[in-house]
Structures are given as structure tokens and as C-alpha cells.
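Right, one structure below, let's go through it.
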Amino acid sequence: MAWLENIFASRSSLAWGRECELCKRPMDRDGYICWECFSRLPLVDQSSVCRLCPRELAGTYERVLCGDCSSVNIPYFDGAASACHFEGEIRQLILDYKYNGRIYLAKDLAAMMYSAAGIRFDISRIDAVIPVCSTLWHRLLRGYNQCDYLAMFLAKMLGVPCMPRALRRKGFPRRQAGLNAAERRKNAKNSFRCRGGRRGDVKGKTVLVVDDVYTTGATLSACALALKKAGAKRVYCITIAVA
Ligand SMILES: [Zn+2]
Ligand SMILES: [Zn+2]
């Protein structure tokens, strides 16, 4: 995807005169969100989250797992982190990124994910970055898979390969939106397969799976299950935001 990096590179050389995507004031850094808006984003307090997922634990210091993860639905991943809460300006930004073709935001969003991952996981152990694949229908509809670009930038920052085609969806799953937690889990489980071979050799590897928003964790848990079946040693997950 060298052509894409070239587009980003040429755009960033035109950074002067550009406005911040959020406050519309002149940019003070190389990117699309200014420092002040960055500092106002509702970041997740990584010191008070569930040991497994990105949910903040309210007030209880003894608890290490949230209600979701300590129940019968223990996720298959070894850890999941999110940079922000899915609210306010960042929510709109993610929706614009996902649905309104503003894919140039990927670099700024990936930078936020990178710093969150760095706090939560030992990122020096990560061997590869894998995006959650969208359904063929969504790719045709949008023309791109938003997770691919995030994964590509994260892989570059981590200095490891990106495996955009490692995961494959099985069959024609129902949309996750509009389903309750139990239905989501049932719908998502076994809905992914790891391709293995040249495109997805994860045997013995620690991998970082990339998605945009963490809702119930059902999709990421299903991806982790598929990757572990294919021999992955550890599966960490990172999303921009947690709903
Ligand atoms: Zn701003
Ligand atoms: Zn949890």
C-alpha cells in the first residue's frame, strides 16, 4: 500500500495553512487534530481498567475483572485496550472516518491507539498487526476497510509486519448493530477463520488485532479464537474507542 503512504506524505507536506478537523483553528502539528483538541479527548484512564478489556472499573479497587469478563463470557483475547471513550467529538470523528470517507484521519487515530497499547501491553513482544476484516458487502459499499489503514500505521509505528488478509469471515453473518450482548456473542463466535499460510502465519506469534470501536468485545473475542486455533501464542486487541 505504498501509494497510500505517498498520499499521506504529500498531504503532510502541505500541513501549513490546514485547519484542525475539530476546532477549525490553524494546525500547530503535523496531522489533522491540533494539540489542544487532542488533549481534550475523553481518554480512557488505563490505570483503572479491567485486566482483560478496555472497560474502566468504577471505584472498586479489589476487582480486577469487569462484570462482562468475570462472568461465563471470558473473552479469548489476552487483553484489549481502547484509547478513548466513544463520546463527543471523537465519536463523530470515528463515524466520519468509518462512513464519510475521511480515511486521512487514520494516522492521527493510529497514533492514539499506539500510545494506549504502549501503556497496556508489552508492545516489544508484538510480532504482527492484524486488522479485523469487514464483510465483502461492506467493503463494496464503502470501497475500503477502515481497519486496514489503522493496522498499517500501527504496524509501521511498531516496526512489525501488517497481515491485512490473515482473517477471513465465514459465511454471511448478521450485522452486530442492533443485537444484544448474548446475541452478539452467538453471532460472532466462529464467524472468523485465520487463513494461515503466507497471508496469515501466526504460529507461535504474539499478534495485535485492530478494530475501531469496542462494544461487547464479541467480534474481537471471535477473532482471537480463530487466531489461537491457528496457533497464535498471544492475542492483544486495540480499538480507537470503547462504547
Ligand atoms: Zn483543534
Ligand atoms: Zn472486562
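Small disclaimer: the values here were computed from a predicted structure and weren't measured. In listed order, ligands and their atoms are each counted from 1.
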Query raised in the report: Any side-chain donor paired with an acceptor under 3.5 Å for E21 and Y104?
Result: yes
Query raised in the report: Once rounded to 10 degrees, what value does the angle at the Zn ion (ligand 1) take between SG (C37) and SG (C20)?
Result: 110°
Query raised in the report: Rounded to 10 degrees, what angle sits at the Zn ion (ligand 1) between C23 SG and C34 SG?
Result: 110°
Query - Metal site angle (apex the Zn ion (ligand 2)), SG from C69 and SG from C50, 10 degrees - result: 110°
Query raised in the report: Does a side-chain N-to-carboxylate-O contact under 4.0 Å join R165 and D148?
Result: yes
Query raised in the report: Is there a donor-acceptor contact under 3.5 Å from the side chain of R234 to the main chain of K205?
Result: no
Query raised in the report: Checking R91 against F86: charged group under 6.0 Å from the ring centre and within 45 degrees of the axis?
Result: yes
